[in-house]
Amino acid sequence: MLRGAIWDLDGTILDSMSAWDHVGENYLRSQGIEPEPDLDEAIATMSLHQAADYFIEHYGVKQTRDELIKSAVAIVDDFYRYEAQLKPHLKEFLAQLHETGVKMCIATATERSLVEAALARCRVLDYFSEIFTCSSVGAGKDEPTIYREALNFLGTDRTNTMVFEDSLHALTTAKKDGFYTTAVYDSHEENQEEIQRLANCRIHDYGEPEEFIDFTKNL
């Protein structure tokens with residue numbers, strides 16, 4: 001039986017990936033620096049800390065890492081506080097998991113203040129017992145650290161815990177570390193065929209989670 005769930009945020013809980021599409025470019029231009037054409041690809045899988053270090057080392061940005069992250073967060077702050085919406089039917093899906101006793105937490109590259117603002121406004125924050133960020137654990141999702149810390153907090157184990165992700169690189173990390181994984185469809189993930197193949201189960205619409213339900217019945 002499913003006992004724990006570790007949730008990504010952007011593209012998995014929130015329709016919010018578009019908010020980050022040009023943050024790196026906009027930040028660099030705000031510092032009077034013209035970004036290289038491959039910037040988005042270069043930082044696509046980085047945490048905010050990793051991206052900040054990359055900007056400092058590669059572009060010579062004069063701000064400190066903390067100052068840079070604060071500037072980047074400010075660019076998307078209003079979106080999370082006032083605009084970001086849940087994926088369709090997610091609230092009902094979370095309620096069902098909660099009613100069956102599944103313990104849930106967040107594991108995301110997005111800063112905690114943005115997570116709390118968006119989930120509180122959408123009235124689902126109380127479903128999650130803790131928020132782990134790549135910044136708080138000191139590692140991006142190219143390493144399993146964030147999933148391991150979340151698992152330890154939940155007090156569950158890999159045999160009855162599900163990781164929900166929409167991106168191939170993050171889901172690959174969790175799967176390689178022995179977690180069960182659910183691939184949540186989001187149009188911003190270009191590697192749909194590969195992520196769908198890799199995951200234990202798939203959710204295209206939270207209103208139709210039959211494959212997920214069938215898989216977790218056997219845990």
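Computed from heavy atoms alone, side chains included, the values below leave out hydrogens, waters and symmetry copies. Being a predicted model, the structure only gives us computed values, none of them experimental. By convention here, the first residue in the shown sequence is residue 1.
- A donor and an acceptor atom, one from each side chain of Thr64 and Asp66, are nowhere located under 3.5 Å apart.
- Looking only at side-chain heavy atoms (C-beta outward), Leu9 and Phe128 stay at 4.5 Å or farther from each other.
- In this structure, CD in Gln50 is found 5.0 Å from CG in Asp142, a value given to the nearest 0.5 Å.
- For Asp10, the side chain to side chain donor-acceptor pair (under 3.5 Å) partners at least two apart in sequence or on another chain are Ser16, Tyr80, Thr110.
- Formation of a donor-acceptor pair under 3.5 Å by the Lys176 side chain with backbone atoms of Pro144 is not found in this model.
- Linking ILVMFWY side-chain heavy atoms closer than 4.5 Å, directly or via other members, places Met17 and Val73 in two distinct hydrophobic clusters.
- Remark: Asn26 pairs with no residue by the side chain to side chain donor-acceptor pair (under 3.5 Å) rule, at least two apart or across chains.
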Practice task
Give the intermediate values and the outcome of side-chain contact (heavy atoms from CB on, under 4.5 Å) for residues Asp8 and Ile13.
Solution key: CA-CA 7 Å; Asp8 175 51; Ile13 290 176; over 6 Å; no
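- Nearest heavy atoms, Ala109 versus Cys134: CA-SG, 3.7 Å.
- In this structure, the separation between CG on Asp166 and OG on Ser187 is 9.5 Å, given to the nearest 0.5 Å.
- Considering only residues two or more places apart in sequence or on other chains, Arg65 meets the side chain to side chain donor-acceptor pair (under 3.5 Å) condition with His49, Asp53.
- Proximity of a side-chain donor or acceptor of Asn160 to a complementary backbone N or O of Asp157 within less than 3.5 Å is detected.
- Leu171 belongs to a hydrophobic cluster with Leu168, Ile195, Leu198, counting contacts under 4.5 Å between side-chain heavy atoms of Ile, Leu, Val, Met, Phe, Trp and Tyr, direct or through other members.
- No donor-acceptor pair closer than 3.5 Å links the side chain of Glu25 to the backbone N or O of His22.
- By the side chain to side chain donor-acceptor pair (under 3.5 Å) test, Glu36 pairs with His58, sequence neighbours left out.
- Cluster annotation: Leu2 and Phe93 are assigned to the same hydrophobic cluster (Ile/Leu/Val/Met/Phe/Trp/Tyr, side-chain heavy-atom contacts under 4.5 Å, transitive).
- Residues satisfying the ring-ring contact (aromatic ring centres under 6.0 Å, His included) criterion with His169, sequence neighbours excluded, are absent altogether.
- Taking every heavy atom of both residues into account, Ala52 and Ile69 meet most closely at CB-CG1, 4.0 Å.
- Of all the heavy atoms in Gly11 and Val184, the pair that sits closest is O-CG1, 4.1 Å.
- Note on Phe79: it clusters hydrophobically with Val23, by side-chain heavy-atom contacts below 4.5 Å among ILVMFWY residues.
- Between Glu165 and Ala107, the shortest heavy-atom distance links the atoms OE2-O, 4.5 Å.
- Other residues sharing the hydrophobic cluster of Leu154, ordered by chain and number and joined by side-chain separations under 4.5 Å: Ile6, Phe132, Val137, Ile146, Tyr147, Leu151, Phe153, Val163, Phe179.
- Cluster membership for Tyr59 and Tyr27, using ILVMFWY side-chain heavy atoms within less than 4.5 angstrom, is shared.
- Placement of Leu39 and Met46 within a single hydrophobic cluster is found when ILVMFWY residues are connected by side-chain heavy-atom separations under 4.5 Å, directly or transitively.
- Shown here are the ring-ring contact (aromatic ring centres under 6.0 Å, His included) partners of His98, two or more places apart in sequence or in another chain: Tyr127.
- When side chains are defined from C-beta on, Arg202 does not count as touching Tyr185, because their heavy atoms never get closer than 4.5 Å.
- A distance-only check finds no donor-acceptor pair linking the side chain of Glu57 to the backbone of Phe55 [under 3.5 Å].
- Thr133 is linked by a side-chain contact (heavy atoms from CB on, under 4.5 Å) to Thr108, Arg112, Ile131, Ser135, Ser136, counting only residues two or more places apart in sequence or in another chain.
- Residues Ser47 and Gly140 come closest through the heavy atom pair CB-CA, 4.1 Å.
- Here the side chains of His188 and Trp20 are not in contact, with every heavy-atom distance at 4.5 Å or above.
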Distance-only criterion, 3.5 Å: show the donor-acceptor pairs between side-chain atoms of residues 203-210 and protein atoms not counting sequence neighbours.
residue : atom : partner : partner atom : Å
Asp205  : OD1  : Gly207  : N            : 2.7
Tyr206  : OH   : Thr12   : O            : 2.7

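- Sorted by first and then second residue, the salt bridge (Lys or Arg N to Asp or Glu O under 4.0 Å) pairs with a member in residues 11-21 read Asp15-Lys87; sequence neighbours excluded.
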Problem - Verdict with reasoning, Glu111 to Glu116, per side-chain contact (heavy atoms from CB on, under 4.5 Å) - result: CA-CA 9 Å; Glu111 291 298 283; Glu116 290 178 334; over 6 Å; no
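- With rounding to the nearest 0.5 Å, the separation of NZ in Lys141 from OG in Ser167 is 6.5 Å.
- Considering CZ of Arg123 and CZ of Arg121, their distance stands at 11.0 Å, rounded to 0.5 Å.
- Residues passing the ring-ring contact (aromatic ring centres under 6.0 Å, His included) test with Phe215 are Tyr180, sequence neighbours excluded.
- Closest approach of Gln63 and Ser71 over heavy atoms only: NE2-OG, 3.2 Å.
- The distance from atom CG of Asp126 to atom CG of Leu94, rounded to the nearest 0.5 Å, is 11.5 Å.
- Considering only heavy atoms from C-beta on, Leu68 comes within 4.5 Å of Val61 through its side chain.
- Residue Asn200 holds its CG atom at 7.0 Å from OG1 of Thr182, rounded to the nearest 0.5 Å.
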